[in-house]
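Here the structure is a predicted model, which is why all the values come from computation and not from measurement.
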Amino acid sequence: MTQPTDRESDRLRKWGREWRFGTDAEVRWIQDSTPSGLEITSAIPPVFEDYATIVVPEQNDALPVVRHLREHSRGRKWWLGFLETGASDVVFPEAPRVELYAGWSYVLVLAGPDEALTWRDDRSDFHGRGPDLIFPTDRSWLLSWLWDDDWYCVGGSEHLIESFLSRPDLEVRRVPLGVDATPPGHQAY
C-alpha cells in the first residue's frame, strides 16, 4: 500500500524520507541529442566511448542489467526515470514530469541502485521491472528502454560495454554510431 506523500517543490516525502525529482535541466543533455530514428542515438546521446543493445533477459526483468550497472557505479546516486504509459507504475504518481524522446512523460527521481532494484517489481505489464531510464549523477553512462522496444540501449565507457559483452547470461551487441541499433530478430516500432 502506498503511503501518503507531502509535496514540496521538486521534492516529496515518502517512506520516511525526502526524494528529489528531476527537471528539464537534468535531461536536457539527452533531449537535445536524441533524434527519432533507428540508430542508437535515438535513445543515447552521442557523447560516450561505446554503445550496445541488451535484449531483456526475461520478459519484463531488468534486474540482471541493473545489478551489473550497480557493480560499476562506485556508490554514486542514480537518476531513475519511470515512463508514464497509463499502465506502468511511475512510483511517485504525484511527482512532476519531464519529457524525453517523442514527448514521453517520465518521473525522474534521484535515488540509487537499491531503489532501481526494488521500487517497480510488477511483471504484469511490458515495462514492469526496473526503471525505463537510468544514469548516474556524473553522466558516465546511460541506460534507456524505449517504450515500444524489447531491448535496452546503453552508452558508456568501452570498459563498461566490454563488461556487458562478457556476460554469457545477457544478449549484448555492440552498436556503432550511424547504424540501425535494432538487435537481430527484433523489430523497432
Side-chain angles (χ1 to χ4, degrees), residues 1-15 17-48 53-54 56 59-63 65-66 69 77-137 139 141-155 181-182 187-189:
M1 178 178 227
T2 303
Q3 295 181 354
T5 59
D6 299 317
R7 177 79 196 270
E8 296 176 15
S9 64
D10 67 342
R11 297 174 188 274
L12 287 171
R13 288 199 61 76
K14 188 172 184 174
W15 303 308
R17 72 178 271 208
E18 187 173 80
W19 302 97
R20 180 173 166 228
F21 293 91
T23 65
D24 290 338
E26 278 78 35
V27 294
R28 188 164 290 116
W29 70 286
I30 302 168
Q31 184 67 2
D32 289 349
S33 303
T34 52
S36 294
L38 297 177
E39 297 178 18
I40 195 87
T41 54
S42 67
I44 309 291
V47 298
F48 297 105
T53 57
I54 305 168
V56 179
Q59 180 64 27
N60 302 335
D61 193 356
L63 300 186
V65 176
V66 174
L69 287 169
K77 292 277 192 184
W78 291 0
W79 284 106
L80 307 179
F82 298 95
L83 177 63
E84 184 171 42
T85 66
S88 295
D89 180 11
V90 294
V91 182
F92 293 88
E94 60 285 325
R97 307 298 196 263
V98 296
E99 284 192 5
L100 282 170
Y101 307 118
W104 301 335
S105 293
Y106 286 79
V107 170
L108 186 69
V109 60
L110 186 61
D114 291 341
E115 292 81 13
L117 289 165
T118 60
W119 273 354
R120 186 200 266 171
D121 63 4
D122 181 12
R123 290 176 169 230
S124 64
D125 66 56
F126 186 67
H127 280 217
R129 282 187 87 113
D132 303 293
L133 180 80
I134 308 172
F135 60 94
T137 54
R139 300 179 184 174
W141 51 263
L142 171 67
L143 180 80
S144 181
W145 186 357
L146 296 181
W147 161 241
D148 48 6
D149 294 337
D150 61 352
W151 65 88
Y152 292 101
C153 292
V154 62
T182 308
Q187 185 173 359
Y189 295 97

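Sorted by first and then second residue, the salt bridge (charged side-chain N to carboxylate O under 4.0 Å, His left out) pairs with a member in residues 107-116 read R17-E115, R70-D114; sequence neighbours excluded. Sorted by first and then second residue, the salt bridge (charged side-chain N to carboxylate O under 4.0 Å, His left out) pairs involving residues 30-41 (not counting sequence neighbours) form an empty list.
Between F92 and W119, a ring centre-to-centre spacing shorter than 6.0 Å is recorded. The ring of W29 has its center closer than 6.0 angstrom to the ring center of F135.
Side-chain atoms of D149 never come within 3.5 Å of backbone atoms of W151 as a donor-acceptor pair (strictly under, hydrogens ignored). Listed for the D132 side chain is no donor-acceptor partner under 3.5 Å among the backbone atoms of W145.
Between A43 and S144 the shortest heavy-atom distance is O-CB, 3.9 Å. The shortest heavy-atom contact between L83 and W104 is CD1-CB, 3.5 Å. Here the closest heavy-atom approach between residue G22 and residue V98 is recorded as O-CG1, 3.5 Å. Across all non-hydrogen atoms, the minimal contact from P45 to T34 is N-CG2, 3.8 Å. Of all heavy-atom pairs between V66 and A116, the closest is CG1-CB, 3.8 Å.
In this structure, CG on D24 lies 8.5 Å from CD on Q31, to the nearest 0.5 angstrom. Atom-to-atom distance recorded for I30:CD1 and L142:CG is 5.0 Å, nearest 0.5 angstrom. Note that the CD1 atom of I40 and the CZ atom of F48 stand 10.5 Å from one another [nearest 0.5 Å]. Interatomic distance, CD1 of I54 versus CG of D150, reported as 13.0 Å (0.5 Å rounding). With values rounded to the nearest 0.5 angstrom, W19 atom CH2 is found 9.0 Å from L110 atom CG.
Residues S42 and P35 form no side-chain contact, since every pair of their non-hydrogen atoms from C-beta on lies 4.5 Å or further apart. With a 4.5 Å cut-off on side-chain heavy atoms, E26 and L108 count as touching. Using a 4.5 Å heavy-atom threshold, the side chains of W78 and L80 count as touching.
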Q) Should V107 and V91 be marked as a side chain to side chain contact (heavy atoms under 4.5 Å, CB included) after you check the CA-CA gap, both sets of side-chain angles, and the distance that decides it? A) CA-CA 8 Å; V107 170; V91 182; over 6 Å; no
Q) How far apart are the C-alpha atoms of W141 and L69, what are their side-chain angles, what is the distance that settles it, and do they pass the side chain to side chain contact (heavy atoms under 4.5 Å, CB included) test? A) CA-CA 9 Å; W141 51 263; L69 287 169; 3.6 Å; yes
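Under the rule for a side-chain contact (heavy atoms from CB on, under 4.5 Å), the partners of E84 that lie at least two apart in sequence or sit in another chain are V90, R97, S105.
Counting only N and O atoms by type, the side chains of S36 and Y101 include no donor and acceptor under 3.5 Å apart.
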